[in-house]
Visitor: 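Following this message is one structure expressed as structure tokens.
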Amino acid sequence: MAKKGKQAISPTREENYPSWYQQVIRAADLAESSDIRGCMVIKPWGYSIWENIQKNLDEMFKETGHVNAYFPLFIPKSFFEKEAEHVEGFAKECAVVTHSRLEDDGNGGLKPAGKLTEELIVRPTSETIIGASFSKWVASYRDLPLLINQWANVVRWELRTRLFLRTTEFLWQEGHTVHETRAEAEEETYRMLDVYAEFAEKFLAMPVIKGEKTESERFPGAIQTFSIEAMMQDKIALQSGTSHFLGQNFSIASKIKFQNREGVEEFAWTTSWGVSTRLIGAVIMAHGDDNGIVLPPRITPAHLVIIPIYRNEEDQKKVLEYIDFLVSEINQKRYHEERIRLKVDKRDISGGEKIWEWIKKGAPVRLEIGPRDIEKDSVFMGRRDLEPSEKTSISRKEFVDNLPDILDEIQKNIYDKAAGFLKANTINIDDREEFYQFFTPKNKENPEIHGGFAHSHWCGNSECEEIIKNDLKVTIRCIPSEAKEEDGKCICCGKTSRKRVIFAKSY
RNA sequence: CGGGGCGUAGCGCAGUCCGGUUAGCGCACUGGUUUUGGGAACCAGGAGUCGGAGGUUCAAAUCCUCUCGCCCCGACCA
């Protein structure tokens, strides 16, 4: 007898959001924490999502003229010291390699030996080490622009970690580009922000807001930092991608110089931009429900899971033959120029258990196929964007013909749902009192999900930013690119302002 | 790094305050029988030395000290 609740995940989002998040990761078998502090093991189902993110983003990078390369994991400490703000920003979270050997400590253990003459930093980001190469590669304006991307792991020794959202080691890509002019570098910065926004919306089905960071939230060493911000279902903002205009700061530090068209030597203009495995956390929290993760078809490891139903060997043979035929038909179809990724779950466990497992893992489409369906030449379909009980029987032919459209419809539905949520929880606030109420939970002991994105005026003074942050833990997520100029008064100090910015709590 | 909570089988927990037979329970796992289209039932099994180290004691999951890790809140951050 089924005696568990209506939901597969406990606690629900409403009951305890952080705990729900962890349970979804476990139930969907995405990742687990490892024996190393703050580091995660990404399991096959989770890693496969990352591979699909990589594949599609990489294509977009190539389409915009970038090529991949790979640079060292280690950065000599002296390289790091070249850009003062950069050092200050990352110093507190650097893993440092000091020795090169281990030797017997005389007690059956090992001790480090072979002290390095210069310590090596495990890269928290690669501006300085890549800059060292770039300085050798760039001599003339004819060498520019230089458009490089690297897929890599980085280490940031964060104090508090959360699977996918903030881990000590994480996977990401970092783009590093060098340009002849300021304008060109700025253009690149915006272009890559647009690529991220497009990727988030098209592939992750996640609406985002593009905008510029305030000075306090800027990347260490950057002139300008831009980000895409998404709203999670607890109404908290998640910075999901960043693009930085670095000016000449890093080219000066790394001596990236070139002879310009007038024959005069000058420092180049650089950018950097990145997204990380955090995007998987974003997908979980943007679309997941109380039954587990909900995967956008464009990045799911499996579009379709087929569950054979039979009770004797005779039926089994018939069912599996029917499924073989169905699979061969599906293999003819394409979804956005890719093969349909499918799994036939032949494991010898009960049907109901399999169905729930695939719901928790977020597979967009499930088919149950048994003797009854074969008789009607039809399939029994469940969709992850609908309730688990909402299953329909449709003819085999119709299903096969429409499968790509069904997947697109699911992709669209979950996007619309997330966009609706973002809209419903975004408001203009002009009154300070109202602003404070918006961001204050009614139940202090056990805070309910509250707040959202507040579009409010800001005078541009970082002191106001600081006051709000201290009072409410609310920060300016970005100055939206699309914000229109209008007259208003700063939500904090009341001085005149020309633009609304987005205030929210953030991860 | 500061405050709080917690480490007992793969997972979730009871037992700890008031030390004392072979350390329990649910789920999962293995084998069997009956089942099977919304998370099956029964029977029989396997698996832990109680996060780690040290101490107190005739006796430690339980008391003391140190230490490691996880979770939540805060500061820091993709």
Side-chain angles (χ1 to χ4, degrees), chain A residues 1-8 10 16-19 21-23 26-27 29 32-39 88-94 124-125 154-174 196 213 216-220 225 227-230 237-244 272-282 291 307-312 315-316 319 348-360 366-374 379-382 387-391 393 444-447 469-470 473 475 506-507:
Chain A
M1 285 300 275
K3 68 256 184 220
K4 297 180 187 170
K6 286 159 267 170
Q7 294 87 224
S10 171
N16 184 339
Y17 198 84
S19 179
Y21 176 77
Q22 292 189 78
Q23 292 306 321
R26 200 215 306 263
D29 209 23
E32 60 192 19
S33 56
S34 70
D35 295 330
I36 300 93
R37 180 185 192 283
C39 294
E88 205 188 312
F90 284 106
K92 283 169 286 179
E93 47 192 64
C94 284
T125 178
V154 288
V155 167
R156 295 183 188 176
W157 215 265
E158 302 284 357
L159 298 172
R160 196 172 145 205
T161 59
R162 287 184 106 188
L163 291 180
F164 291 116
L165 298 178
R166 182 170 297 107
T167 46
T168 303
E169 179 191 12
F170 58 95
L171 305 182
W172 77 343
Q173 61 63 221
E174 47 182 326
Y196 287 153
K213 288 290 189 184
S216 67
E217 301 264 332
R218 201 174 283 157
F219 176 75
T225 287
S227 73
I228 52 170
E229 300 284 330
L238 184 71
Q239 181 174 310
S240 307
T242 50
S243 184
H244 314 290
S272 70
W273 28 273
V275 298
S276 72
T277 34
R278 170 177 268 198
L279 289 179
I280 297 173
N291 290 319
I307 297 159
I309 308 279
Y310 47 79
R311 50 176 91 197
N312 55 48
D315 283 352
Q316 177 178 6
V319 168
D348 184 23
I349 57 175
S350 89
E353 205 175 335
K354 287 186 200 175
I355 289 162
W356 279 100
E357 183 176 319
W358 292 110
I359 289 172
K360 286 185 277 194
R366 304 179 305 277
L367 291 186
E368 292 164 54
I369 295 181
R372 294 207 299 253
D373 307 291
I374 297 177
V379 298
F380 199 50
M381 176 180 70
E387 288 301 309
S389 58
E390 236 179 301
K391 294 190 274 199
S393 182
K444 279 220 166 99
E445 300 300 305
N446 183 19
K469 185 177 177 181
N470 289 338
K473 292 166 215 145
T475 51
S506 76
Y507 275 96

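A note on names: the letters A, B, ... follow the listed sequences, proteins ahead of strands, and every chain is numbered from 1.
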Visitor: Rounded to the Å, how far apart are A:Arg311 CZ and B:rU36 C1'?
Guide: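 Computing the A:Arg311:CZ to B:rU36:C1' distance gives 6 Å.
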Visitor: Measure all distances between protein nitrogen or oxygen atoms and nitrogen or oxygen atoms of nucleotides 3-11 of chain B, and list the pairs falling under 3.5 Å.
Guide:
from: B:rC11; atom 1: O3'; to: A:Arg26; atom 2: NH1; distance (Å): 3.0

Visitor: Going by the rule ring-ring contact (aromatic ring centres under 6.0 Å, His included), which residues pair with A:Trp273 if we only count those two or more places apart in sequence or in a different chain?
Guide: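 For A:Trp273, the residues satisfying ring-ring contact (aromatic ring centres under 6.0 Å, His included) (neighbours in sequence not counted) are A:Phe61, A:His66.
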Visitor: Please confirm whether the backbone N or O of A:Tyr17 pairs with a side-chain atom of A:Ser19, one donor and one acceptor, at under 3.5 Å?
Guide: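 Judged by distance alone, no pair lies under 3.5 Å.
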Visitor: Calculate the interatomic distance between A:Tyr310 atom OH and B:rU35 atom P; express it in whole Å.
Guide: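 Rounded to the whole Å, the gap is 17 Å.
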Visitor: Contact list please: residues 155-164 of chain A against RNA chain B, heavy atoms, distance less than 4.0 Å, in numerical order.
Guide: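 Residues of residues 155-164 of chain A under 4.0 Å from RNA chain B: A:Arg156, A:Glu158, A:Leu159, A:Arg160, A:Arg162.
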Visitor: In terms of side-chain heavy atoms of A:Lys469, which of B:rC73, B:rC76, B:rG37 is nearest?
Guide: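 Looking only at heavy atoms from C-beta outward on A:Lys469, the closest nucleotide is B:rC76.
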Visitor: Think A:Lys354 has a side-chain N or O under 4.0 angstrom from the OP1 or OP2 of B:rG39?
Guide: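 It does not, given that no N or O in the side chain of A:Lys354 lies less than 4.0 Å from OP1 or OP2 of B:rG39.
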Visitor: Name all residues meeting the ring-ring contact (aromatic ring centres under 6.0 Å, His included) criterion together with A:Trp157; count only those two or more places apart in sequence or in a different chain, and write none if there are none.
Guide: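 A:Trp157: no ring-ring contact (aromatic ring centres under 6.0 Å, His included) contacts found.
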Visitor: Can you name the residues that form a salt bridge (Lys or Arg N to Asp or Glu O under 4.0 Å) with A:Glu93, not counting sequence neighbours?
Guide: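 With sequence neighbours excluded, A:Glu93 shows a salt bridge (Lys or Arg N to Asp or Glu O under 4.0 Å) to no residue whatsoever.
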Visitor: For residues 350-360 of chain A, which residue pairs qualify under salt bridge (Lys or Arg N to Asp or Glu O under 4.0 Å), counting only residues two or more places apart or in two chains?
Guide: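 As it turns out, the salt bridge (Lys or Arg N to Asp or Glu O under 4.0 Å) pairs with a partner in residues 350-360 of chain A, which skip direct neighbours, are A:Arg347-A:Glu357.
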Visitor: Taking the side chain of A:Gln22 as its heavy atoms from C-beta onward, which of B:rC70, B:rC72, B:rA78 lies nearest to it?
Guide: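 Among B:rC70, B:rC72, B:rA78, the one nearest the side chain of A:Gln22 is B:rC72.
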Visitor: On RNA chain B, check which nucleotide each of A:Thr242 and A:Gly352 is closest to and give me the residue with the more 5' one.
Guide: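 Counting from the 5' end, the first nearest nucleotide belongs to A:Gly352.
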Visitor: Counting side-chain heavy atoms from CB outward, which of B:rG69, B:rA78, B:rG39 is closest to A:Arg37?
Guide: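 Between B:rG69, B:rA78, B:rG39, the one nearest the side chain of A:Arg37 would be B:rG69.
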Visitor: Which is more 5' along RNA chain B, the nucleotide nearest A:Ser33 or the one nearest A:Phe380? Just name the residue.
Guide: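 Looking at the nearest nucleotide for each, A:Phe380 comes out on the 5' side.
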Visitor: B:rA78 C1' sits how many Å from A:His244 NE2, rounded?
Guide: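 It is 9 Å, rounded to the nearest whole Å.
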Visitor: Ignoring the backbone of A:Arg278, work out which of B:rG37, B:rA78, B:rC72 is nearest its side chain.
Guide: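 Output: B:rA78.
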Visitor: How close or far is atom C1' of B:rG37 from atom CD1 of A:Ile374, stated in whole angstroms?
Guide: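 My rounded result for the distance is 12 Å.
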Visitor: CG of A:Asn470 versus P of B:rG74: gap in Å, rounded?
Guide: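 Roughly 13 Å, once rounded to whole Å.
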